[in-house]
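In what follows, every heavy atom counts, from backbone to side chain, and hydrogens, waters and symmetry copies are set aside. All of these numbers come straight from a predicted model, not from anything done at the bench.
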Amino acid sequence: MFDELINKLKNDTYITLETTPGHSPIFSPIIETIAELGLDKLVDGFTTTDNPLAKLKYNSLFAAKMLQDRFNKPVIATMSMRDRNKIALQSDLLGANEADIRAILALTGDPATISDQPHTKGVFESDSSLLLDIISCFNSGINYAGKPLAHKPKELYPFAVVNSYAKNPKTLQKKMQKKIKHGALGIITQPVYDIENAKLLLELKDAANAECDNENKKGELILGIFPITKLRTAQFLSAHVPGINVPNDWIEALREANEKGSQEEYRVGFELSRNLFLDLKKLHPKIHLMTANQFQLAKDILS
């Protein structure tokens, strides 16, 4: 299952779909929606998020297990440095390994200060590179302290993330290099909204890989897409989310459509997003689709 996913990442077309577990003890409604829409037949795998924005959600590892069992497709489970120290990270990885949850997206995590849980404190023993290093240790049969594990874990497959935009592109290359040097096989970008931006990211990825050649390490870039169907979403992403660049022509097109009504706004936003998906797929068919659990929108984009 995972070998096939990595092979597709390196040598073929590759599409994963993000799922965000809810503020609920039940994840099955999300699974049923995916099944009803047949989305599992349109993607190569899924991801599960880990308490995004430091807000309490259903556990990403358990969600990954349920998705994987239902659809027999690999799931990349997110693990954040915000909520766990190195002992908890390793303990979770050990348990997940036997349950065959073996693709891990390593995140530093959103700051605990933005949580809706009063007086929450972040752990943040390090950034996501620590988790990538832990995974490398496990793949060598040892824990992070260098002590051999009683049984060697099944192979783990590490993923990481990177911003899609920076005023100084070289900073993105350096971040890619760091993730690759720490073992990331796939690097998922923040949402991309411009084909030239995507081309630049691919150039930076090639340069980062060239810098890591002497260590025999290589990472593949996965272009993130988050469809925009509302003007306010475009404005929020543009103004408040670092590392994302929404082109002015998108904002203006959505503003004009918004004045004509919500249906026209949605139509224009969907057309822009769908065309972007098709263009990116031609350029570099390694895509991660994020729709904030708007699964009908995901199906419409992918179909």
Side-chain angles (χ1 to χ4, degrees), residues 1-22 25-35 38-51 57-81 83-84 86-107 128 130-144 147-161 182-188 219-220 222 286 288-289:
M1 182 188 297
F2 294 103
D3 287 343
E4 182 180 357
L5 183 73
I6 300 304
N7 181 60
K8 289 181 75 68
L9 175 62
K10 292 179 178 179
N11 304 307
D12 201 349
T13 61
Y14 168 104
I15 296 178
T16 49
L17 175 65
E18 181 181 271
T19 67
T20 301
I26 300 172
F27 183 67
S28 53
I30 287 176
I31 292 177
E32 293 309 317
T33 300
I34 290 170
L39 273 169
D40 56 298
K41 298 176 179 63
L42 301 177
V43 299
D44 300 303
F46 300 92
T47 69
T48 54
T49 59
D50 184 18
N51 299 317
K57 305 290 183 183
Y58 187 102
N59 182 275
S60 64
L61 296 171
F62 284 104
K65 172 65 173 170
M66 292 183 69
L67 277 168
Q68 211 163 265
D69 286 352
R70 176 64 179 273
F71 298 116
N72 195 31
K73 290 210 166 177
V75 181
I76 304 167
T78 304
M79 293 180 69
S80 163
M81 303 301 299
D83 305 323
R84 306 169 177 88
K86 63 174 68 74
I87 295 173
L89 288 166
Q90 291 174 89
S91 178
D92 283 353
L93 284 174
L94 287 176
N97 196 264
E98 186 172 24
D100 216 32
I101 303 306
R102 297 191 285 127
I104 304 296
L105 176 57
L107 287 189
S128 58
L130 172 61
L131 179 52
L132 293 173
D133 288 344
I134 289 171
I135 290 171
S136 294
C137 288
F138 274 38
N139 282 339
S140 297
I142 60 176
N143 69 17
Y144 188 65
K147 181 179 179 180
L149 294 160
H151 297 89
K152 185 176 180 179
K154 291 175 283 188
E155 186 174 1
L156 294 165
Y157 301 88
F159 289 73
V161 297
H182 285 270
L185 299 174
I187 301 176
I188 302 172
E220 186 57 78
I222 303 161
K286 327 284 183 184
H288 179 59
L289 180 61

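Open room surrounds CG on Asn72; 12 or fewer heavy atoms of other groups in view lie less than 6.0 Å from it. Annotation: Phe62, atom CZ; neighbour count of heavy atoms from other residues, nucleotides and ligands within 6.0 Å does not exceed 12.
Nearest heavy atom pair, residue Tyr58 against residue Pro25, reads CE1-O, 3.4 Å. Nearest heavy-atom pair, Ala64 versus Thr48, reported as atom, atom and distance to 0.1 Å: N-CG2, 3.7 Å. Residues Ala184 and Ile187 share a closest heavy-atom pair of CB-CG1, 4.4 Å. Ser128 and Leu107 get closest at one heavy-atom pair: CB-C, 3.7 Å. Nearest heavy-atom pair, Gly22 versus Ile30, reported as atom, atom and distance to 0.1 Å: N-CD1, 4.4 Å. Shown here for Phe138 and Pro153, the closest heavy-atom pair between the two residues is O-CD, 3.4 Å.
The closest donor-acceptor contact from the side chain of Arg102 to the backbone of Glu155 lies under 3.5 Å. Between the side chain of Asp44 and the main chain of Ile15, a donor-acceptor pair closer than 3.5 Å is present. Counting only distance, with no hydrogens or angles, the side chain of Thr16 and the backbone of Phe46 share no donor-acceptor pair below 3.5 Å. Counting only distance, with no hydrogens or angles, the side chain of Asp50 and the backbone of Ser60 share no donor-acceptor pair below 3.5 Å. Checked by atom type and distance alone, the side chain of Gln68 pairs as donor or acceptor with a backbone atom of Asp100 at under 3.5 Å.
Here the CG atom belonging to Asn59 is positioned 7.5 Å from the CG atom belonging to Asn51, to the nearest 0.5 angstrom. Separating the CG atom in Leu156 from the CD1 atom in Ile101 is a distance of 11.0 Å, to the nearest 0.5 Å. We find the NZ-CD distance between Lys154 and Glu98 to be 7.0 Å, quoted to the nearest 0.5 Å. The distance from atom OG1 of Thr20 to atom CZ of Phe27, rounded to the nearest 0.5 Å, is 9.0 Å. Here Ile87 contributes atom CD1 and Ile134 contributes atom CD1; the two are 10.0 Å apart, rounded to the nearest 0.5 Å. Considering CD1 of Ile6 and CE of Met1, their distance stands at 12.5 Å, rounded to 0.5 Å.
Leu94 has its side chain within reach of Leu149: a pair of non-hydrogen atoms, C-beta onward, lies under 4.5 Å apart. Contact annotation: the side chain of Ile31 never approaches that of Thr19 to less than 4.5 Å [non-hydrogen atoms, C-beta and beyond]. No side-chain heavy atom of Cys137 sits less than 4.5 Å from a side-chain heavy atom of Asn143. Here the side chains of Phe71 and Leu39 are not in contact, with every heavy-atom distance at 4.5 Å or above. Contact annotation: the side chain of Thr13 approaches that of Lys8 to within less than 4.5 Å [non-hydrogen atoms, C-beta and beyond].
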Inset, instruction - Show your reasoning for whether side chain to side chain contact (heavy atoms under 4.5 Å, CB included) applies to Leu67 and Ile34. - result: CA-CA 10 Å; Leu67 277 168; Ile34 290 170; 4.0 Å; yes
Legend entry - Worked verdict on Phe159 versus Leu9 for side chain to side chain contact (heavy atoms under 4.5 Å, CB included): CA-CA 11 Å; Phe159 289 73; Leu9 175 62; 4.0 Å; yes
Legend entry - Residues Leu93, Met79; criterion side chain to side chain contact (heavy atoms under 4.5 Å, CB included); working and verdict: CA-CA 9 Å; Leu93 284 174; Met79 293 180 69; 3.7 Å; yes
Inset, instruction - I would like to know whether Leu89 and Met81 meet side chain to side chain contact (heavy atoms under 4.5 Å, CB included); could you show each step before the answer? - result: CA-CA 8 Å; Leu89 288 166; Met81 303 301 299; 3.5 Å; yes
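A salt bridge (Lys or Arg N to Asp or Glu O under 4.0 Å) check over residues 58-68, counting only residues at least two apart or in different chains, returns the pairs Lys65-Asp69.
Between Asp40 and Lys73 there is no salt bridge, since none of the side-chain N atoms of the basic residue sits less than 4.0 Å from a carboxylate O of the acidic one.
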